[in-house]
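Quick notes on the structure that follows.
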Number of protein chains: 2
Amino acid sequence: MKSRYGQFCPVAVASEIFAERWTPIILRELVLGSRGFNEIHRGVPRISRALLAKRLRELTAAGVIEATEGEYRLTEAGQELGEVVKSLGAWGARWTAPVQRDRLDARLLTWDMHRRIAVERLPERRVVVRFDFHGVPAGHKAPRTYWFVMERPDVDLCIIEPGFEVDLFVSADLASFARVWLGEVPIRQVVREGAIKLSGNREAVRDFPSWLLLSTLAAVPRPAETTQRRVA
Amino acid sequence: MKSRYGQFCPVAVASEIFAERWTPIILRELVLGSRGFNEIHRGVPRISRALLAKRLRELTAAGVIEATEGEYRLTEAGQELGEVVKSLGAWGARWTAPVQRDRLDARLLTWDMHRRIAVERLPERRVVVRFDFHGVPAGHKAPRTYWFVMERPDVDLCIIEPGFEVDLFVSADLASFARVWLGEVPIRQVVREGAIKLSGNREAVRDFPSWLLLSTLAAVPRPAETTQRRVA
DNA sequence: CGGTATCCACTACGATACTG
DNA sequence: CAGTATCGTAGTGGATACCG
């Protein structure tokens, strides 16, 4: 076992575990609650399955996760490393401009969103939402249409027509919706400006903004307007 | 500019900046106060100079550091990223066993140490300390002997005989000294056990343990004895 | 569902030498 | 001191196919 950095400094040792390609993003998935291999992969779709398996093995060997009964779980050490992932994310939310063309991916957005629905605010009956995203650069492989089938307490994400009647149609510019998701701009403002259009069942249109909890990073305070932020 | 991860998630965007090879360690040097190119390189000696220059350019482009008048400085964003470096280091101190054979490097240890001397506790006059490390695997290129020339408020690290009379001789097992440096074991205990030997001027022998401030990570609380820690 | 095996392409990196 | 230039290579990881 050769050390990448050859330093006994704990920053270097921790970096050998944490600062590998894809690893922070895999850990983010685990922090957000993914447990199965394919489930994790949905949150990191552009990693190859072979490499994902390798990274999971490495994290297991490092004692950050445990693999039992086909589930991956953060150990105690892993949960503390999860706090580092959160601070890194908070830094990104504060100091970068994450919504850029080559980063837009509707799969990821809907995958994240379906975990952040306030199920207790949903009506008792099943609610079906259909999303249509536009403003996606051509040549992108991700679908433009997604469905949420929400039946308390479950929220299922579909990429093929689920066959139920749709209660709410959401038609949105992908970049604008991503900015809403990240808390950079209030959803009602974007609806007013027309970059997000809601139609269908009257109550669903009215209540949808309250169902959607937004990213856990949406609440991160941003630097003052006067401070220079980065375009990275 | 193609995105590494193709995700607008701030964790991914921040990882594109932070979780690159060597970058956390370069940032650690900046956090600890290094400013010049060669100064930074002394704290990251195993990176090639070409790659260090490239990383510094990338960090500048990302707005994490600024290069002015031949000095690199953390920006406001960089200082906040420095907090992430510190938490990562704290995690490493808590959950890893950093002192392993292939990570020992006396250059790094002495380089870090010379920045952590309580100069205000030193005598008025110049004090010269000579370190001799043993227990280093053969084939290691780093010297075994180093000198600190301490003349308030400066502490100079030398790898060649500075020509002054030596006040204090420190002869130590490198691994043991590293453990002391990281706060894993008290210096007086290791001196008692014989893995560190102090000789020379009587007062210097007595006071040396109080001059040496230890790593900034030495004070990190470790998990309870009963909790499993990693050997990574 | 949850992976492994194989193969190949690339590129990031280290080594070395050189420059203002 | 503070880098740049050049070049060869090790190793990383993507693609594809296969398996229990």
Side-chain angles (χ1 to χ4, degrees), chain A residues 1-7 12 15-26 29-30 34-61 65-73 102 105 111 141 156-159, chain B residues 1-7 12 15-26 29-30 33-62 65-73 102 105 107 111 139-142 156-159:
Chain A
M1 79 167 58
K2 209 163 53 188
S3 155
R4 281 210 102 173
Y5 298 119
Q7 297 198 4
S15 295
E16 290 175 5
I17 296 168
F18 179 80
E20 286 293 293
R21 191 151 141 76
W22 294 112
T23 298
I25 297 155
I26 294 166
E29 275 307 296
L30 287 154
S34 290
R35 294 285 171 260
F37 185 91
N38 286 335
E39 197 185 359
I40 295 167
H41 194 234
R42 291 194 72 169
V44 199
R46 300 172 49 142
I47 196 179
S48 75
R49 298 169 62 74
L51 185 52
L52 176 56
K54 185 179 174 218
R55 286 287 182 270
L56 289 169
R57 251 179 280 129
E58 289 164 353
L59 288 170
T60 307
I65 61 179
E66 276 168 343
T68 46
E69 301 159 17
E71 291 207 325
Y72 297 95
R73 297 185 163 278
D102 60 347
D105 189 327
W111 175 247
K141 276 164 295 181
D156 285 339
L157 167 61
C158 308
I159 55 169
Chain B
M1 85 165 55
K2 209 161 57 190
S3 153
R4 280 209 104 173
Y5 298 119
Q7 296 197 6
S15 295
E16 289 175 4
I17 296 168
F18 178 80
E20 287 293 296
R21 191 150 141 78
W22 293 113
T23 298
I25 297 154
I26 294 167
E29 275 307 297
L30 286 155
S34 290
R35 294 285 170 260
F37 184 90
N38 286 337
E39 196 185 0
I40 295 167
H41 194 233
R42 291 194 74 169
V44 199
R46 302 173 46 142
I47 197 178
S48 72
R49 298 170 62 76
L51 186 52
L52 175 56
K54 185 179 174 217
R55 287 286 183 270
L56 289 170
R57 253 179 280 134
E58 290 163 352
L59 287 171
T60 306
I65 60 177
E66 277 168 342
T68 45
E69 299 159 19
E71 291 208 325
Y72 297 95
R73 298 186 160 275
D102 59 348
D105 188 327
R107 278 172 307 178
W111 176 247
H140 232 269
K141 277 165 293 183
D156 286 339
L157 168 60
C158 308
I159 55 170

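Order of the sequence lines sets the chain letters (A, B, ...), proteins ahead of strands, with each chain counted from 1.
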Round to the nearest Å and state the distance from B:R57 atom CZ to C:dC13 atom P. 13 Å
Name all residues meeting the side chain to side chain donor-acceptor pair (under 3.5 Å) criterion together with A:E39; count only those two or more places apart in sequence or in a different chain, and write none if there are none. none
Residues forming a salt bridge (Lys or Arg N to Asp or Glu O under 4.0 Å) with B:R73, sequence neighbours excluded: B:E71
With B:R49 via side chain to side chain donor-acceptor pair (under 3.5 Å) - residues at least two apart: B:N38
Distance check needed: C:dT4 P versus A:N38 CG, whole Å only. 13 Å
So how far off straight is the helix from C:dC1-D:dG20 to C:dG20-D:dC1, going by the axes through five pairs at either end, to 10°? 60°
Return the value, rounded to whole Å, for the distance between atom NE2 of B:H41 and atom P of D:dG3. 12 Å
Mind checking what makes ring-ring contact (aromatic ring centres under 6.0 Å, His included) contact with B:Y5, not counting sequence neighbours? A:W22
If the cut-off is 4.0 Å, is B:Y72 near the phosphate of D:dC1, judged by side-chain N/O to OP1 or OP2? no
How would you summarise protein contacts on nucleotides 8-20 of chain D per nucleotide, using B for base, S for sugar-phosphate only and - for none, with heavy-atom distances below 4.0 Å? -----SS------
Atom-pair distance (CG on B:L52; P on C:dA12), nearest Å: 17 Å
I need the CD-P distance between B:E71 and D:dA2, as an integer number of Å. 9 Å
Report the residues that fulfil side-chain contact (heavy atoms from CB on, under 4.5 Å) with B:R55, sequence neighbours left out, ordered by chain and then residue number. B:E20, B:R21, B:T23, B:I26, B:L51, B:E58
Polar side-chain atom of A:E29 near backbone of A:S34 as donor-acceptor pair, under 3.5 Å: no
Could you give the CZ-to-P distance, from A:F37 to C:dC1, as a whole number of Å? 11 Å
Indicate yes or no: at least one non-hydrogen side-chain atom of A:R35 is less than 4.5 angstrom from one of A:I40. no
Contacts of A:A67 meeting side-chain contact (heavy atoms from CB on, under 4.5 Å) (sequence neighbours excluded), chain-then-number -> A:Y72
